[in-house]
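Presented below is the structure to which this report refers.
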Amino acid sequence: MENILEIENLSVHFPINIGTVRAVNRVSLKIKQGEVMGLVGESGCGKSTLGFSILRLLRPPGKIVEGKIVYHGKDIVKMNQHELLSLRGKKIAMIFQDPLTSLNPLFRIDQQFIETLETHEKGIGRKEAFKRAESMLESLGIAPERLLEYPHQMSGGMRQRIMIGMGLILNPDFLIADEPTTALDVIVEAQFLDLLNDLRKQFNLTIILITHNLGNVAQLADRITVMYGGSIAEVGAANEIFEEPLHPYTQGLLASIPNIKLDQPKLETMPGSPPDLVDPPAGCVFHPRCPRAMDVCRNERPEMIAKNGHLVSCWLYG
Amino acid sequence: MTISMEELITVRNLKKYFPLQKGLIDNLLAKEKRFVRAVDGVSFTIQKGEVLGLVGESGCGKTTTGRLILRLLEPTSGEMLYHGTPLSSYSTVGMAGMRKKMQIIFQDPYASLSPRMSIGKAVSHPLAIHTDYDKAERKEICIQIMEKVGLTPASFLYRKYPHQLSGGQRQRVVIARALVTRPEFVVADEPIAMADVSVRALILELMGQLKEELDLTYLFITHDLATCKYICDRVAIMYLGKIVEIGSLDKVFKNPIHPYTATLLAAVPVPDPKFRRTEPIPTGEIPSAINPPPGCSFHPRCHFAKPECRINDPDLVAVDSDHQVACPVRSVSQS
C-alpha cells in the first residue's frame, strides 16, 4: 500500500522560560493510504503535538525545528501560508477533544457548514452548500432538520458528530482525530467509534486516531504507534502490538489496564512517572522506569529497528 | 477478603431534587417550579469491609449520591444510616465529628488541593480539625500515612507544594489526607479518572492494599466498568437518578439482566483487538433529568420496551440472592 504521509526525523520544541520542552524528538512515521493509525500514549508524550504539527497548527512558542512531513509527495514543513490554507480542511481535516469549544455558539449549525464551504469552494451557492450540509448530516445519522439548531441545543455526542461532519464536508482524504471520545460517555463513545468506522469506508479516509484509551485503538486501529516522552517506542499491526508487545513500555502499559473481559487478580504497575521533557533522561527516555534497563540504555538513545514485523526502539533488540 | 455481615451504610429511598432557577417571566406567569431529579429514590446497603461500585454515565446522580451519604449535601428526602444510626439525627457539630469516620477522595487532585498549603499541612489538616494531637504528634501521624500511600521520602515531600508534585503523587496526597483520621468508610469519587494510564494501576493497587491494611469500606464511584470489575465486590448501576440493577459483581457482570446494564457492558471498549465488538449499540443518549420520561426512564432507548414500561416505574426486585433488577420484562424472561 502507498504511503499517504511520511514523517521523517521530526522534532518540535517549545522554548519556555525555564528551558526548552522537547515535545517531539526525532520522530519518523509512515502512514499508509486507507489505514487507521492509532497514536497512543499518556498525557505529555507528544501525541497531540505530533498531530498538530501535521497541519502546522502548533501554538506559539511551539516550532518544528527539524524534519519533514511529506504528504502526497509535498513537504508540509516547507509550505507557505497560501498552500497551508488549501491543505487544511480540504485535504487533511482535524477534530478535537471538546466539541463544545470547537463549535461557535452564536451561529446555527447550517451557517457554520455554509461558511466553511463558501470559504473553501468559491462560487458555491448558498442553496448548494445547504444541500451538501443536509446530506452530510444524513451520513452522520442526524436528522437534517437539526441543521437549523444552535450547538447548545444538541447533546455532546451529537456535537462531536457535527464536528466530524464539519471536518469531512470538503472531502478530505485524511483525518486527524485528537482524543475524539474523551469527553463522551461510554455508550455514546461506542456509537461514535461505529460512526467513524462507517465514515472511513464511505469517504475512503486515512485516519490518525490520537488517544490515551487503549480500548479505543484496539477496537478501531489497523496499526498502532506507541509514544513515550516525545519519542516513538513501538509501531506495529494492532493485533501484534496487543499480542506480542516488544517495548517494555508497551508491555507495562498493556499489563496495567483493567480489561473487562479478563479475570485479573493483580494489575502490573509501572513505577515512576512520565519524564520531564525540559530535561529528559539521557539515553532511552524510558530507562528510569524500565525494569530491563541496561548500561547502554542510560547512555545512548536507541534507533528504530525492525523486529518481528514491528518497529521498535529498544536496546533489547538492537 | 473480610466481609462481616454488619451493615455499615444503609441508604433508604434517598432523593435529591435541585430546584431550577426561574426566570422573571416564569415568576409572573406563576409557572410551576421545576427540579432536576439528580437522585430519585435510591436504596442500598454496604457491608463493613466491602467495596460497592456505583456506576453510571455522567449526570446519572452517582456523585450526588456519594455526597449525600457524607451529608456534604442535604437530601430532599430519605434516610442514611451509619451503623444503624440515622445520620440526619446528628447536629452540624455532631456530623463534623462523624467526618473523622467518613471521608471522601475527590476526582481532581488539581482542584482539591490548595496551591498555598504544603503537602504536610494539607495531609495533617484533618487531624488539626478532628483531634487533640499536638503539632509534633500530627506531623508524626502525617509522615506515617504519607509513607503508607507511597509518598516517599515523606519528610522531604512534607514541605513541598502541590505544583512540585506529579499528578500521581497529588492523587496520593488526596488519598493520604482522606485516610489520616483513620476513617472506616471512604467515598472514592472517580479517584483514577484524571490519572495517567500508567499511574492508574498504581493508584488502584494502592487503594486495594490500603483497604485491607486499614480495614476500610469503600463506595467506589466510577464510569469505568473495567475498573469497577477490578476493585469492587458488589456493583450498583445507576440511570437517571435511580438504581436499575444491583448485586454481587459476578452476577451483574456475567448475567446482566437490565437492558441498560447489558448495553453499558457491551459498549466498554475492550483493550484487545481479539474482542472487537460486533453487536450494535443502541442509538440515543441519556434524556434530561429535568423531565425524565414517565414509567421506566430507560424505555425510550430500550429494545425490549413494552407498552406498560411507559406507564409503570419498576421497583428493584430480587432475581437471585444478592441480585436485584428494576425491569419486570427481562426479569420474567430470566426465571
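To find a chain, count down the sequence lines: A is the first, B the second, and so on, and within it residues start at 1.
Looking only at atom types and distance, the side chain of A/Glu244 has no donor-acceptor partner in the side chain of A/His310 under 3.5 Å away. One side chain, A/Glu189 or A/Asn216, offers a donor N or O that lies under 3.5 Å from an acceptor on the other. For B/Tyr230 and B/Glu205, the side-chain atoms include at least one donor-acceptor pair closer than 3.5 Å. Side-chain polar atoms of B/Thr152 and B/Glu147 form no donor-acceptor pair below 3.5 angstrom.
Of the two parts of A/Ile187, the backbone and the side chain both hold a non-hydrogen atom closer than 4.5 Å to a non-hydrogen atom of chain B. For B/Ser166, the part sitting under 4.5 Å from any heavy atom of chain A is the side chain, from C-beta outward, and nothing else. With a threshold of 4.5 angstrom between heavy atoms, A/Ile241 does not approach chain B through any atom at all. Interface residue B/Glu57: backbone and side-chain heavy atoms are both found under 4.5 Å from chain A. In this structure, the portions of A/Ser43 lying under 4.5 Å from any heavy atom of chain B include both its backbone and its side chain. For A/Pro265, the part lying under 4.5 angstrom from a heavy atom of chain B is the backbone only. There is no contact between B/Ile231 and chain A, counting heavy-atom distances below 4.5 Å. Both the backbone and the side chain of B/Arg277 come within less than 4.5 Å of a heavy atom of chain A. Contact of A/Glu243 with chain B is made through the side chain alone, with heavy-atom distances under 4.5 Å. At a 4.5 Å heavy-atom cutoff, A/Ala255 makes no contact with chain B through either its backbone or its side chain.
Cation-pi geometry between B/Arg330 and B/Phe304 is met: the NZ or CZ atom falls under 6.0 Å from the ring centre, inside 45° of the normal.
For the set A/Met270, A/Glu268, A/Arg289, A/Lys266, the count of heavy-atom pairs under 4.5 angstrom toward chain B peaks at A/Lys266. Among A/Gly272, A/Gly157, A/Gly41, the residue making the largest number of heavy-atom pairs under 4.5 Å with chain B is A/Gly157. Of all the listed residues (B/Gln169, B/Arg276, B/Lys274), the one sharing the greatest number of non-hydrogen pairs under 4.5 Å with chain A is B/Arg276. The residue among A/Asp185, A/Thr269, A/Thr181, A/Leu253 with the most heavy atom pairs within less than 4.5 Å of chain B is A/Asp185. For the set A/Pro271, A/Ala221, A/Pro274, the entry with the most heavy-atom pairs within less than 4.5 Å of chain B is A/Ala221. For the set B/Ala201, B/Cys228, B/Ser198, B/Ala266, the count of heavy-atom pairs under 4.5 angstrom toward chain A peaks at B/Ser198. Taking chain B as the reference chain and counting heavy-atom pairs below 4.5 Å, the highest number among A/Ala218, A/Ala190, A/Ser256 is found for A/Ala218.
A salt bridge is absent between A/Glu35 and A/Lys32: the closest approach of a Lys/Arg side-chain nitrogen to an acidic carboxylate oxygen does not fall below 4.0 angstrom. Salt-bridge annotation for B/Lys251 and B/Asp322: absent, with no side-chain N of the basic residue lying under 4.0 Å from a carboxylate O of the acidic one. Comment: A/Asp178 does not engage A/Lys47 in a salt bridge, judged by the lack of any side-chain N to carboxylate O separation of less than 4.0 angstrom. Between A/Arg22 and A/Asp276 no salt bridge is recorded (no basic side-chain N to carboxylate O distance below 4.0 Å).
A side chain to side chain contact (heavy atoms under 4.5 Å, CB included) with B/Val39 holds for exactly one of B/Thr63, B/Thr65, B/Leu240; it is B/Thr65.
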Pair A/Asp222-A/Arg200, salt bridge (Lys or Arg N to Asp or Glu O under 4.0 Å): steps then yes or no: CA-CA 12 Å; A/Asp222 302 306; A/Arg200 164 201 189 180; 2.6 Å; yes
